[in-house]
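Worksheet: one structure, shown below.
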Amino acid sequence: MSDFGVPEPANLSDLSGDTPVAETSVRLALPAEADAIGEIQVAAWRTSYAGLLPADVLADLNPAQFAAQWRAALVAPGEARNRVMVALAGRTLVGFAAITPSDDPDADQQHDALIAELAVSPEATRAGHGSRLLNAVVDTVRADGFRRVTVWVNSTDDVLRAFYTDAGWAPDGAHRELDLYGDESVRIKQIRLHTDPGPIGD
């Protein structure tokens, strides 16, 4: 059993060999995949935050630091509904999504889920991996009993906003401004999108 309570391979070696592998798939992440998740997050952030964050800050992002945090979260997820899902092309990890009960001030943690992160490797975009991840996220939060799922997106990221709105998501009127360094030097405006996962069985 994985840390999330579902049958999973004990480690990556169990995924090797001659067993047929689906061309594309989405499943819960393994702790051994933390390094790949960290690499994808850094690559995705360097793309999505280009022009918003200083180039030297983006260059200094350390995949190993991200990986250590993901490994800890995967080994000890805490809340039972904290989940990390990965998208694969064959056996290659190309994207991931992290889901958690929302901690927004206006959220109902029992019924509101939050996509804390959804990222696809820049080299693997436009291949449907993001859409498969998003569909799996909605299915998962529905099965976990959530009634709403939200995500924060940068207000200037028209591509990401269109990705969600094309899938039926919509702004819920909430917005925030992140002061990244606490000194007003870098502020990023974000808007919140939401969708209703629907009842189990839909």
Can [X] and [Y] be counted as an ion pair, charged N to O under 4.0 angstrom?
{"X": "Arg161", "Y": "Asp166", "answer": "no"}
{"X": "Asp108", "Y": "Arg147", "answer": "no"}
{"X": "Glu33", "Y": "Arg71", "answer": "no"}

Where [X] and [Y] come nearest, the two heavy atoms and their spacing:
{"X": "Gly90", "Y": "Leu88", "value": "O-CB, 3.6 Å"}
{"X": "Asn154", "Y": "Ser48", "value": "ND2-O, 4.5 Å"}
{"X": "Ile40", "Y": "Gly95", "value": "CD1-N, 3.6 Å"}
{"X": "Gln109", "Y": "Phe146", "value": "O-CE2, 3.8 Å"}
{"X": "Ala89", "Y": "His129", "value": "CB-CE1, 3.9 Å"}
{"X": "Val141", "Y": "Pro197", "value": "CG2-CB, 3.9 Å"}

Is a side-chain donor or acceptor of Asp104 paired with a backbone partner of Asp106 at a separation under 3.5 angstrom?
no
Side-chain touch [X]/[Y], heavy atoms, less than 4.5 angstrom:
{"X": "Leu178", "Y": "Lys189", "value": "no"}
{"X": "Glu79", "Y": "Pro101", "value": "yes"}
{"X": "Ile115", "Y": "Thr150", "value": "no"}
{"X": "Ile99", "Y": "Asn82", "value": "no"}
{"X": "Thr195", "Y": "Arg148", "value": "no"}
{"X": "Phe96", "Y": "Leu118", "value": "no"}
{"X": "Leu114", "Y": "Asp103", "value": "yes"}
{"X": "Arg83", "Y": "Thr140", "value": "yes"}

Can you tell me how far [atom2] of [Y] sits from [atom1] of [X], rounded to the nearest 0.5 angstrom?
{"X": "Asp139", "Y": "Asp144", "atom1": "CG", "atom2": "CG", "value": "11.0 Å"}
{"X": "Gln65", "Y": "Asp60", "atom1": "CD", "atom2": "CG", "value": "10.0 Å"}
{"X": "Ser131", "Y": "Arg126", "atom1": "OG", "atom2": "CZ", "value": "10.0 Å"}
{"X": "Arg192", "Y": "Ser155", "atom1": "CZ", "atom2": "OG", "value": "15.0 Å"}
{"X": "Leu160", "Y": "Tyr164", "atom1": "CG", "atom2": "OH", "value": "5.5 Å"}
{"X": "Ile188", "Y": "Tyr49", "atom1": "CD1", "atom2": "OH", "value": "5.0 Å"}

Are [Y] and [X] co-members of a hydrophobic cluster defined by side-chain heavy atoms under 4.5 Å apart?
{"X": "Ile191", "Y": "Trp169", "result": "yes"}
{"X": "Trp152", "Y": "Leu52", "result": "no"}
{"X": "Leu133", "Y": "Val151", "result": "yes"}
{"X": "Val94", "Y": "Met85", "result": "no"}

Verdict with supporting geometry, Val84 and Leu28, side-chain contact (heavy atoms from CB on, under 4.5 Å):
CA-CA 6 Å; Val84 181; Leu28 293 175; over 6 Å; no
Go through the steps for Phe66 and Trp45 under the test ring-ring contact (aromatic ring centres under 6.0 Å, His included), then give the verdict.
CA-CA 12 Å; Phe66 285 84; Trp45 278 27; 5.3 Å; yes
Checking Trp70 against Glu117: is there a side-chain donor and acceptor pair closer than 3.5 Å?
no
Let me see the working for Leu74 and Ile37 under side-chain contact (heavy atoms from CB on, under 4.5 Å), right down to the final yes or no.
CA-CA 11 Å; Leu74 288 164; Ile37 292 172; 4.3 Å; yes
Counting only heavy atoms not in His111, do more than 12 fall under 6.0 Å of its NE2?
yes
